[in-house]
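Inspection log for the structure reproduced underneath, given as structure tokens.
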Amino acid sequence: MATDRLTQTLRQPSEPGFQLFPGFADADVGNAMLDDVTSIARDSAIGRDVSPAVVMPENQELEGHNPEDFISKIFRLHRRPVFLEFLRDPRVCDIIVSAIGKDVDCFLSQFIFKNPGAWGQPWHQDSYYFPFTPARPIVGLWLAITEATLENGCLHVLPGSQTEPVKQHVTDRREGANYGYVEIVDHDTSQSQPCLLQPGDLMVFDSHLMHKSTDNISTGIRAAMVWHFATADSIDPGVKRRGKQVANPVNDWMPYLREGSMLPLS
Ligand SMILES: O=C(O)CCC(=O)C(=O)O
């Protein structure tokens, strides 16, 4: 697995700003994650306390029979066993060391259901959501749990856009768009490319890379699991570290690597 050029690939001009690791995980790994979030969705629907997980429903009216059919995303998963197991994989550690460095926290995790009929997320840069100091490097890992196709709403990326500053984002103008969706409207995205993935494929991308996903017009779910990482000395104005949560209810700063070694995770 080639990670030696990852820093350049993710951040330098004339580089794409992302790297694909095909067949990174067994489909079973993703299925276990899907089972776990399905149980959270069902527990939440009958009023059980699922904290610290944060369950976000879809705003669109979708068809379905089970609670998970109406969920958009579930956040704050990275301390749960099945997700910790993924982070313990030495290959994930290698990617993060190469992409960020030796002292790193995982601060965000989200399972994206993208059920049939769910709308895509418009063009954005993840750093728009991350007003941290230092602002970079921040890296996302996007694991395909199901196949991602043009029909079911795969990601689209704009190669090279990682060199752009964080652009102005406006609120998603579609009436009924999901909470928190914002959009870049003043940038040429005509050179975008779709990311057609198989279950277990892993995309690693810089937090300035412009990307979007399209609507799921298929009859099946398009699921993905996403983690974000930043340097351990990051200051998040929305969260009082080691103290009370002040504002952002989805970030959860978990120490991951110190001096290149993985910490006991919990
Ligand atoms: O998977 C998707 O549909 C969108 C994900 C995305 O844009 C993100 O994780 O920032």
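The analysis underlying the following values was restricted to heavy atoms, covering all of them including side chains, and did not include hydrogens, waters or symmetry mates. Numbers here simply count residues along the sequence, with the first being 1. Every number for a ligand or one of its atoms is a count from 1 in the order of the listing.
Not a single heavy atom of Lys212 lies less than 4.0 angstrom from ligand 1. Taking 4.0 Å as the cut-off, Gln110 does not count as a neighbour of ligand 1 on heavy-atom distance.
Of the listed options Lys73, His228, Gln121, Arg222, Arg222 places a heavy atom closest to atom 1 (O) of ligand 1.
Near Asp126, the atoms of ligand 1 lying under 4.0 angstrom from a non-hydrogen atom of the residue are 10 (O). Listed by number with element, the atoms of ligand 1 under 4.0 angstrom from any heavy atom of His211 are 6 (C), 7 (O), 8 (C), 10 (O). Interface atoms of ligand 1 facing His124, defined by a heavy-atom separation under 4.0 Å, are 6 (C), 7 (O), 8 (C), 10 (O). Numbered from 1 in the order shown, with element, the atoms of ligand 1 that lie under 4.0 Å from a heavy atom of Trp142 read 1 (O), 5 (C).
Within 6.0 Å of CZ on Arg48 lie no more than 12 heavy atoms contributed by other residues, nucleotides or ligands. Surrounding CD of Gln168 are at most 12 heavy atoms belonging to other residues, nucleotides or ligands under 6.0 Å away.
Grouping the Ile, Leu, Val, Met, Phe, Trp and Tyr side chains by contacts below 4.5 angstrom, directly or via other members, places Phe24 apart from Met203. Linking ILVMFWY side-chain heavy atoms closer than 4.5 Å, directly or via other members, places Phe229 and Leu20 in two distinct hydrophobic clusters.
Protein heavy atom nearest atom 5 (C) of ligand 1, with residue, atom name and distance: Ile112 CD1, 3.6 Å.
Between Asp105 and Arg258, at least one side-chain nitrogen of the basic residue sits less than 4.0 Å from a carboxylate oxygen of the acidic one, meeting the salt-bridge criterion.
Listed here is the closest heavy atom pair of Ile184 and Gln125: CD1-OE1, 3.7 Å.
Within the 4.0 Å heavy-atom criterion, the part of Ser213 lying near ligand 1 is the side chain and not the backbone.
Under the 3.5 Å distance criterion, with hydrogens and angles disregarded, no donor-acceptor pair is assigned to the side chains of His156 and His211.
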